[in-house]
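First comes the structure, then the notes that go with it.
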Amino acid sequence: MLNAPQTFATPTQRVLDWYGQAHRKLPWRAPPGQLAEPYRVWLSEIMLQQTNVATATPYYFNFLQKWPDVAALARAEPEAIMQAWAGLGYYSRARNLHACAQLICAEHGGEFPRREAQLLKLPGIGPYTAAAIAAMAFGASAVVVDGNIERIMTRMFALEAPLPKAKPEIRSHMASLTPARHAGDFAQALMDIGATLCAVKSPNCTACPLQADCLAAKAGNAATYPRRAEKVTRPHRQGHVYIAQKLDGSVLVQTNGPRGLFGGMTCLPHSGWATKDAQGQALPPLPLAWQELKGEVTHVFTHFSLSLTVHSGQAADMAAPNGMRWVGLAQLEFEALPSLMRKVLAKWRESQ
DNA sequence: TAAACGTGGGG
DNA sequence: TCCCCAAGTTT
């Protein structure tokens with residue numbers, strides 16, 4: 001089977017050919033046909049979990065500059081990592097990133113394990129990321145399945161089972177297509193196709209190298225895949241947040257424990273919003289003459305939306321309550337503040 | 001298995 | 001404005 005004409009090429013070969021000439025150039029990527037550095041693949045893959053390329057890219061450069069390799073990252077202060085991650089969301093990724101770096105240095109001699117099964121054991125590395133690192137950094141013929149590839153497989157094979165039920169079937173199709181060599185390029189090619197051609201809303205089938213292999217393209221209904229289970233309605237929650245300021249300008253903050261929403265991050269004192277019972281109950285951290293700011297701060301999370309009433313109060317030169325601390329106004333920007341808290345502070349400043 | 005876990009951009 | 005959801009993992 002030498003020199004098979006393009007017309008008779010396999011879908012896999014068509015995708016690899018397309019990648020050679022149409023691939024996106026991304027900072028963590030190796031050129032087609034080459035392997036990328038494990039540290040860069042890992043760092044980018046963690047950042048890209050549920051996160052757009054455009055959003056993750058500046059964070060990737062910042063991390064790489066601060067911590068050029070896994071040993072440097074392992075030595076970093078956890079607070080510095082959380083601060084650098086602030087705004088990216090899903091903060092358990094940052095905590096696991098540090099734990100993973102330390103584990104690699106302590107138990108793997110500072111080198112990433114090459115085998116998928118061993119990668120899978122590391123904190124923050126699940127089935128997708130383990131396969132991606134094994135394929136892109138080590139050349140393994142790993143079966144990489146992310147959201148893009150799920151979308152492409154359900155369209156190519158017109159899979160009617162709704163996600164996540166279709167996942168085993170998707171994986172099986174992807175396994176059949178994955179080449180023995182260049183599996184990393186193949187996966188990245190499919191992700192590029194998913195991002196630029198096989199889009200969620202209006203797929204560009206005529207430009208797709210898989211058009212001839214795609215049942216949904218033939219049927220003209222690609223946009224209806226993947227089928228999805230019914231979405232649950234997002235509950236709404238309420239809470240109160242308190243900005244206490246001393247005469248020297250410093251503001252009262254607290255650092256969250258490692259788990260749960262905003263785990264490991266810096267927050268303004270607040271009433272809590274995690275449970276239905278706790279919502280809306282004002283619970284100031286200090287007995288001050290609190291003033292309520294006009295208008296609420298709203299924020300939408302994946303699993304609930306939130307309205308926050310903002311209170312401001314002038315404090316005398318008093319000690320911070322247990323578990324809290326005063327932070328100078330100029331130092332606030334260097335805290336690991338999630339976007340919600342920055343939003344609250346912005347509203348407060350604009351009310352001053 | 002299903003829920004928890006952030007955020008910003010696009011239609 | 002509102003809804004959807006993006007290179008998932010953990011519990």
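Throughout, protein chains are lettered first and strands after them, A, B, ... in sequence-line order, and every chain is numbered starting at 1. Because the structure is a prediction, the values reported are computed rather than measured.
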Sugar-phosphate, base or nothing in reach of L88(A), heavy atoms under 4.0 Å: base
Phosphate contact (dT7(B) OP1 or OP2) by T51(A) side-chain N/O below 4.0 Å: no
Phosphate OP1/OP2 of dT7(B): any H299(A) side-chain N/O under 4.0 Å: yes
side-chain N/O S202(A) vs dG11(B) OP1/OP2, d < 4.0 Å: no
Phosphate-side-chain proximity, Y91(A) and dT7(B), N/O vs OP1/OP2 below 4.0 Å: yes
Phosphate-side-chain proximity, Q50(A) and dG8(C), N/O vs OP1/OP2 below 4.0 Å: yes
Any H303(A) side-chain nitrogen or oxygen under 4.0 Å from OP1 or OP2 of dA3(B): no
From NE2 (H311(A)) to CD1 (I243(A)), nearest 0.5 Å: 10.5 Å
Distance-only donor-acceptor test, T302(A) side-chain atoms vs dG6(B) base atoms, 3.5 Å: yes
Aromatic plane relationship, Y39(A) with W42(A) - under 30° parallel, 30 to 60° tilted, over 60° perpendicular: tilted
Protein-nucleotide distance (E230(A), atom CD; dA2(B), atom C1'), rounded to Å: 16 Å
Sugar-phosphate only, base, or nothing, as touched by P164(A) at under 4.0 Å among non-hydrogen atoms: nothing
Sugar-phosphate only, base, or nothing, as touched by R151(A) at under 4.0 Å among non-hydrogen atoms: sugar-phosphate
Base dA7(C) to side chain R24(A), donor-acceptor N/O within 3.5 Å cut-off: yes
Whole angstrom value for the distance that separates P of dT9(C) from CD of E116(A): 11 Å
side-chain N/O S92(A) vs dC5(B) OP1/OP2, d < 4.0 Å: no
Protein-nucleotide distance (K121(A), atom NZ; dT10(C), atom C1'), rounded to Å: 18 Å
